[in-house]
K.L.:
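One structure follows; several queries about it will come next.
Please read these numbers as outputs of a predicted model, since none were measured by experiment. In the text below, chain A, chain B and the rest are named by the order of the sequence lines, each starting its count at 1.
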Amino acid sequence: MEDLTITRLTGRDLKNWGHLPGPQFPDLLGRANRMQDDGVDVADIRAKLASEIPIPPEHIELHEDGAVTFDENLIPADADEEKNLLKVRETMRAVMRTPTVIGGAIMPDACPAGPIGTIPVGGVVAAQNAIHPGMHSADICCSLMLTDLGDADSATVLDAASKVTHFGPGGRPQGQRFTVSLDLLDAFRANPFLNNAKTIRAAQEQMGTQGDGNHFLFVGRSRQTGHTTLITHHGSRGPGAKLYKAGMEVAEKYRRRHSPQTLKQNAWIPADSDDGRAYWDALQLIRKWTKTNHNSIHQATMEASGASAGERFWNEHNFVFRRGDIYLHGKGATPGWFGFAADADPQGRTIIPLNMAEPVLIVRGKDASHALGFSPHGAGRNWSRTEHMRRLGAKTANEALIEETVGLDVRFHAGKVDASELPSSYKPAAAVSAQIESLDLAEIVDWIDPYGCIMAGEMPRFVRRPKGRR
DNA sequence: ATGTAC
């Protein structure tokens with residue numbers, strides 16, 4: 001005789017049918033049981049609920065190793081540079097496996113940054129319909145701005161700048177803050193990636209600040225015009241760092257769902273999603289804030305020195321640029337095609353610094369296809385900070401500074417010489433200049449010979465407090 | 001890069 005006992009449906013049955021546990025699960029099971037109580041056949045119940053089985057997330061596989069290639073625009077000059085190139089190559093090769101990536105390039109100043117598979121400094125990555133927060137660097141919109149100050153006295157300008165600019169961590173003290181447009185702050189509040197109390201506060205407190213590391217304020221003289229020239233280098237400071245973090249978090253959610261094989265640092269936000277559109281908008285707002293940051297320091301320096309401004313232009317070298325549906329990520333790479341930004345120099349000029357003792361190059365990019373349209377952003381480093389200290393040997397940072405910056409007025413805001421910013425810490429400037437031209441990346445149209453500069457200077461190393469104690 | 005995870 002047939003057994004007519006019907007076992008009551010459980011969550012296990014639903015899972016066997018393909019349903020997934022979640023907030024909707026109790027209701028789903030309740031409905032299944034009620035149908036069963038009403039005498040509905042189990043097969044019919046299963047069929048009735050089938051439309052509620054979630055569609056599994058689409059998984060996107062990595063590219064085969066070597067399937068997507070990148071262009072090398074780097075001529076190593078010695079064993080150190082050979083070693084550097086090998087490391088850059090290895091990390092770039094891993095980056096190229098990212099599913100969204102369709103191409104890449106390295107610049108003459110390329111050097112590794114972070115674990116294998118992280119876009120190097122001096123790296124460019126092209127992705128289709130994807131924004132990779134980890135590929136525009138944490139210092140979103142790190143950039144340079146130049147103002148022609150005519151016949152202003154260089155010493156007067158540098159002294160004035162020393163008084164008005166701000167280096168080091170954090171923002172300006174109360175009473176010395178620069179104003180930030182209320183419209184810009186409102187726009188921050190309207191963007192889901194920027195509508196954060198700490199981001200807004202940092203945007204207010206850190207306007208008119210330059211941070212640390214390789215950021216600088218440089219005064220020099222143009223070979224073309226003979227004019228005194230002010231150049232600043234910094235990025236989006238705290239607000240940008242916060243945006244970077246928020247972007248990485250959202251990208252990580254997509255990565256886990258759709259491409260867990262992709263390296264964490266190469267996670268992306270689909271550009272055509274709501275998240276993608278909001279993140280793109282947030283990048284443009286951070287860019288606007290950064291431009292204002294440069295402008296405010298130039299303006300304050302001019303007012304304090306009595307100089308009047310001639311032409312002014314700027315360019316970012318850590319950013320994402322859109323050409324068609326391709327998103328070009330530059331991490332330490334200068335965009336070199338005409339009109340890379342609506343507010344770029346109408347003459348197509350961009351700014352490439354080398355080191356504190358060398359002229360800053362003014363170039364016109366050649367939109368070289370073998371460089372994805374980019375040129376380098378500086379001289380690049382061959383060694384880590386510790387390796388550089390080792391190579392200085394018995395020489396103190398102060399002695400090295402005196403030796404390497406004869407005739408220049410170099411000031412460290414925090415007082416101590418930062419050895420990692422000395423000229424000897426960078427690749428030979430001449431080699432980078434030569435490669436810009438020999439590799440046909442850009443035309444050098446002017447040189448701003450150094451008078452002097454201000455940098456953050458060495459700061460005491462940050463040590464985190466032991467966990468659980470204060 | 002950032003007062004370096006709240």
K.L.:
Remember a base hit wins even if backbone is also touched, and classify A:Asn318 as base, sugar-phosphate or nothing at under 4.0 Å, heavy atoms.
P.N.:
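The answer is nothing, as A:Asn318 stays clear of every strand by at least 4.0 Å.
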K.L.:
Without decimals, in angstroms, what is the distance between A:Met135 CE and B:dA1 P?
P.N.:
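Spelled out: CE on A:Met135 to P on B:dA1 is 19 Å.
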K.L.:
Rounded to whole angstrom units, what separation is found between the CZ atom of A:Arg201 and the C1' atom of B:dT2?
P.N.:
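For the pair A:Arg201 CZ and B:dT2 C1', the rounded distance is 14 Å.
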K.L.:
Please name all residues satisfying side chain to side chain donor-acceptor pair (under 3.5 Å) with A:Glu90, sequence neighbours left out, ordered by chain then number.
P.N.:
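So A:Glu90 forms no side chain to side chain donor-acceptor pair (under 3.5 Å) with any residue.
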K.L.:
Are the aromatic ring centres of A:Phe321 and A:Phe319 under 6.0 angstrom apart?
P.N.:
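A:Phe321 vs A:Phe319: aromatic centres under 6.0 Å.
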K.L.:
Between A:Met459 (CE) and B:dT4 (P), how many Å, whole number?
P.N.:
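Spelled out: CE on A:Met459 to P on B:dT4 is 13 Å.
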K.L.:
Kindly say if A:Gln206 contacts the phosphate of B:dG3, meaning a side-chain N or O under 4.0 Å from OP1 or OP2.
P.N.:
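So the side-chain polar atoms of A:Gln206 do come within 4.0 Å of the phosphate oxygens OP1 or OP2 of B:dG3, strictly under.
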K.L.:
Name all residues meeting the ring pair (Phe, Tyr, Trp, His ring centres under 6.0 Å) criterion together with A:Trp447; count only those two or more places apart in sequence or in a different chain, and write none if there are none.
P.N.:
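For A:Trp447, no residue satisfies ring pair (Phe, Tyr, Trp, His ring centres under 6.0 Å) once neighbours in sequence are set aside.
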K.L.:
Whole angstroms only, please: what is the CE-P distance between A:Met248 and B:dA1?
P.N.:
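Atom-to-atom, A:Met248 to B:dA1, this comes out as 15 Å.
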K.L.:
Pick the nucleotide of DNA chain B nearest each of A:Asn214 and A:Lys198; which residue has the one closer to the 5' end?
P.N.:
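Result: A:Asn214.
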K.L.:
Whole-Å distance between B:dT2 C1' and A:Asn196 CG?
P.N.:
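Interatomic distance, CG of A:Asn196 to C1' of B:dT2: 14 Å.
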K.L.:
Which sits closer to the 5' end of DNA chain B, A:Ser137 or A:Lys245, going by the nucleotide each is nearest to?
P.N.:
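The residue mapped nearer the 5' terminus is A:Ser137.
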K.L.:
Grab the CD-C1' distance between A:Glu249 and B:dT2 for me, whole Å please.
P.N.:
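It works out to 15 Å between those atoms.
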K.L.:
Quickly work out the A:Ile286 CD1 to B:dT2 C1' distance and round it to whole Å.
P.N.:
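Interatomic distance, CD1 of A:Ile286 to C1' of B:dT2: 13 Å.
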K.L.:
Quick check on the 6.0 Å ring-centre criterion: do A:Tyr327 and A:Trp268 meet it?
P.N.:
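Not under 6.0 Å, so no.
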K.L.:
When the distance from CH2 of A:Trp289 to C1' of B:dA1 is rounded to whole Å, what number comes out?
P.N.:
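Spelled out: CH2 on A:Trp289 to C1' on B:dA1 is 12 Å.
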K.L.:
Answer yes or no: does a side-chain N or O of A:Arg237 lie under 4.0 Å from OP1 or OP2 of B:dA1?
P.N.:
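The answer is no; no side-chain N or O of A:Arg237 sits under 4.0 Å from OP1 or OP2.
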